[in-house]
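A short write-up of the structure that comes next.
Keep in mind the model is a prediction, meaning the values are calculated, not measured. The sequence lines fix the lettering, A, B, ..., with proteins before strands; numbering per chain opens at 1.
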Number of protein chains: 2
Amino acid sequence: MAGKRRSEMMEETRAKLIKAARRAFAEKGYAAASMDELTAEAGLTRGALYHNFGDKRGLLQAVVNQIDAEMAARALAIGNQAKNDWEGLLAEGAAYIEMALEPEVQRIVLLDGPAFLGDPSRWPSQDSCLQTTRQKLEELIAQGTVRPVDAEAAARLLTGAALNAALWVAASDHPQDVLPKAVEAFRVLAGGLLANRG
Amino acid sequence: MAGKRRSEMMEETRAKLIKAARRAFAEKGYAAASMDELTAEAGLTRGALYHNFGDKRGLLQAVVNQIDAEMAARALAIGNQAKNDWEGLLAEGAAYIEMALEPEVQRIVLLDGPAFLGDPSRWPSQDSCLQTTRQKLEELIAQGTVRPVDAEAAARLLTGAALNAALWVAASDHPQDVLPKAVEAFRVLAGGLLANRG
DNA sequence: TCAACTCACATACGATGCGTATGTCCGATG
DNA sequence: CATCGGACATACGCATCGTATGTGAGTTGA
């Protein structure tokens with residue numbers, strides 16, 4: 001452990017803080033999470049926090065960026081497995097709904113993120129989820145599969161529908177029963193975008 | 001003013017606090033709003049607050065309930081003006097998008113509400129917006145206009161799409177240019193629910 | 001190699017804000 | 001008219017955030 005450069009130690013410190021923050025924010029919510037407890041759990045103090053992230057919001061931003069990147073990677077992998085682009089879009093949507101069942105995603109990215117960091121499309125991470133679906137939509141529009149609507153608007157509506165449905169599923173008493181209904185409704189709704197449906 | 005009963009005074013006090021809270025929450029957000037300032041602006045102290053609403057969250061709940069009721073009333077009025085039930089549903093959706101442009105609705109109901117009070121469908125006010133669209137959907141399904149999907153799920157997706165689109169519109173640099181795109185995309189998407197579209 | 005400097009992080013402090021416990025005054029009741 | 005209850009104000013304790021200052025390890029240059 002003595003052979004590490006300072007920059008490596010720095011990265012390790014940031015990683016430890018982000019890891020602790022993911023747990024604390026997911027369990028208690030951003031507002032109720034104490035920076036003293038959080039940093040202590042990481043074996044540090046608030047000094048490290050304010051040095052590395054500026055303030056409490058900076059830490060939230062870092063956590064959101066990390067989770068967002070993970071989500072986008074997962075969704076992309078799932079979307080690419082589909083037989084065609086359209087099915088890929090639907091699969092991605094379903095993936096978002098399922099991902100939003102995880103407390104970390106739900107609490108941090110969907111609830112506290114917008115409330116304390118503002119609109120997701122303004123985030124430094126640019127909300128990767130939104131960007132990937134927008135790009136896919138543009139391709140589908142270009143190839144004539146999807147009707148010529150504003151890609152950005154449609155992407156917003158689609159992800160909004162998916163994520164909101166996920167919140168509903170997660171809050172329900174029997175998530176496993178409700179999830180398929182949400183996914184089915186999503187596919188039906190998305191069908192409205194198709195140029196010609198059979 | 002001396003001829004008022006105690007209960008009337010009480011209602012007046014609550015109304016004054018809620019009014020001040022709507023402004024403070026909308027401008028600064030729930031977390032950053034100071035109860036001292038808020039109550040002082042209403043000509044009272046925190047004593048009145050904790051007596052009438054229990055705690056800070058109780059006040060937020062009361063504010064949310066009031067705004068939610070206003071939204072539902074407006075949406076209902078707009079929906080009833082349409083020529084048929086389907087157009088009524090679309091009009092309601094467009095109305096939600098436009099209402100969400102108002103800072104009070106956006107900041108309090110869409111951002112801070114879910115973050116600090118939990119899932120809207122669990123609110124005491126039951127999220128009137130959601131209920132009215134769900135009811136309209138059930139009617140449309142019964143009359144065969146809309147495909148037989150789970151009404152609750154579809155309502156969730158529709159309102160989620162609308163409200164999320166509204167957040168996007170409001171955060172954009174030129175809301176007036178983006179709004180029609182959002183409404184158009186909403187109508188296209190909702191078309192997916194139709195049993196047969198022409 | 002060593003002295004000076006940088007910097008990552010810890011510690012100490014002040015300020016703010018919530019919730020509660022206690023006090024006060026007005027109106028209702030018998 | 002005396003007593004009581006309740007609406008609201010005041011006073012206090014506690015937690016938490018952000019900053020200002022301290023410190024020790026690692027880096028650099030002669």
Side-chain angles (χ1 to χ4, degrees), chain A residues 1-21 23-64 108 112-113 115-118, chain B residues 1-21 23-64 108 112-113 115-118:
Chain A
M1 295 297 169
K4 291 188 178 172
R5 306 248 154 272
R6 276 175 90 141
S7 59
E8 292 173 359
M9 293 294 296
M10 192 94 180
E11 271 311 306
E12 196 175 313
T13 296
R14 289 173 61 93
K16 280 195 291 189
L17 287 174
I18 290 178
K19 182 178 178 181
R23 277 187 44 192
F25 290 163
E27 286 177 8
K28 308 179 181 183
Y30 171 77
S34 163
M35 295 295 99
D36 272 325
E37 290 182 15
L38 192 158
T39 52
E41 198 169 348
L44 297 161
T45 69
R46 289 213 323 273
L49 209 179
Y50 287 95
H51 184 72
N52 280 284
F53 299 99
D55 60 353
K56 192 178 181 181
R57 278 183 57 203
L59 180 59
L60 174 62
Q61 184 74 68
V63 169
V64 164
I108 301 176
D112 288 339
F116 291 96
L117 300 177
Chain B
M1 296 295 170
K4 290 188 179 171
R5 304 251 159 271
R6 277 175 88 134
S7 59
E8 293 173 357
M9 294 294 294
M10 192 94 180
E11 272 309 307
E12 196 175 314
T13 296
R14 292 175 60 94
K16 281 196 289 188
L17 287 173
I18 291 178
K19 182 177 178 181
R23 278 187 42 190
F25 290 162
E27 285 177 10
K28 307 179 181 182
Y30 172 77
S34 163
M35 295 295 99
D36 272 327
E37 291 181 13
L38 192 159
T39 52
E41 198 167 349
L44 297 161
T45 69
R46 291 216 320 275
L49 209 181
Y50 288 95
H51 184 72
N52 280 283
F53 299 100
D55 61 353
K56 192 178 180 180
R57 279 184 55 206
L59 180 59
L60 175 61
Q61 184 73 69
V63 169
V64 164
I108 301 176
D112 288 338
F116 291 97
L117 299 176

Can you measure B:K56 atom NZ to C:dT16 atom P for me and round it to whole angstrom units? 15 Å

Under 3.5 Å, which donor-acceptor pairs do the side chains of residues 28-36 of chain A form with other protein atoms, sequence neighbours left out?
unit_1 : atom_1 : unit_2 : atom_2 : d
A:K28  : NZ     : A:E37  : OE1    : 2.6
A:Y30  : OH     : A:R57  : N      : 3.2
A:S34  : OG     : A:D36  : N      : 3.3
A:S34  : OG     : A:E37  : N      : 3.4
A:D36  : OD1    : A:R46  : NH1    : 3.0
A:D36  : OD2    : A:R46  : NH1    : 3.3

Is any side-chain heavy atom of B:L44 less than 4.5 Å from a side-chain heavy atom of B:L49? no

Rounded interatomic separation in angstrom, taking CG from A:D55 and P from C:dA15: 20 Å

Nearest-Å distance for atom pair NZ/P, residues B:K28 and C:dT16: 13 Å

Give the rounded distance in Å between these two atoms: CZ of B:R57 and C1' of C:dC18. 14 Å

For side-chain contact (heavy atoms from CB on, under 4.5 Å), just list the numbers for B:L17 and B:F53, CA-CA rounded to whole Å, side-chain angles, deciding distance to a tenth of an Å, and then say yes or no. CA-CA 10 Å; B:L17 287 173; B:F53 299 100; 3.8 Å; yes

If I take atom CG in residue B:L17 and atom C1' in nucleotide D:dA7, what distance separates them, rounded to the nearest angstrom? 12 Å

Just do the side-chain contact (heavy atoms from CB on, under 4.5 Å) check on A:I108 and A:L60 with the steps written out, would you? CA-CA 8 Å; A:I108 301 176; A:L60 174 62; 4.0 Å; yes

Contact list please: residues 31-51 of chain A against DNA chain D, heavy atoms, distance less than 4.0 Å, in numerical order. A:A33, A:S34, A:M35, A:R46, A:Y50

Take the protein atom CD of A:E12 and the nucleotide atom P of D:dG26, then report the distance between them rounded to whole Å. 14 Å

For the pair made of CZ in A:F53 and C1' in D:dG18, what is the distance, rounded to whole Å? 17 Å

Can you find a side chain N or O atom of A:N52 that sits less than 4.0 Å from OP1 or OP2 on C:dC9? yes

Residue pair B:I18 / B:A62: nearest heavy atoms and the distance that separates them: CD1-CB, 4.0 Å

Measure from CE on B:M10 to P on C:dG27 and round the result to the nearest Å. 16 Å

Show your working on side-chain contact (heavy atoms from CB on, under 4.5 Å) between A:F25 and A:D112 and close with a plain yes or no. CA-CA 9 Å; A:F25 290 163; A:D112 288 339; 5.5 Å; no

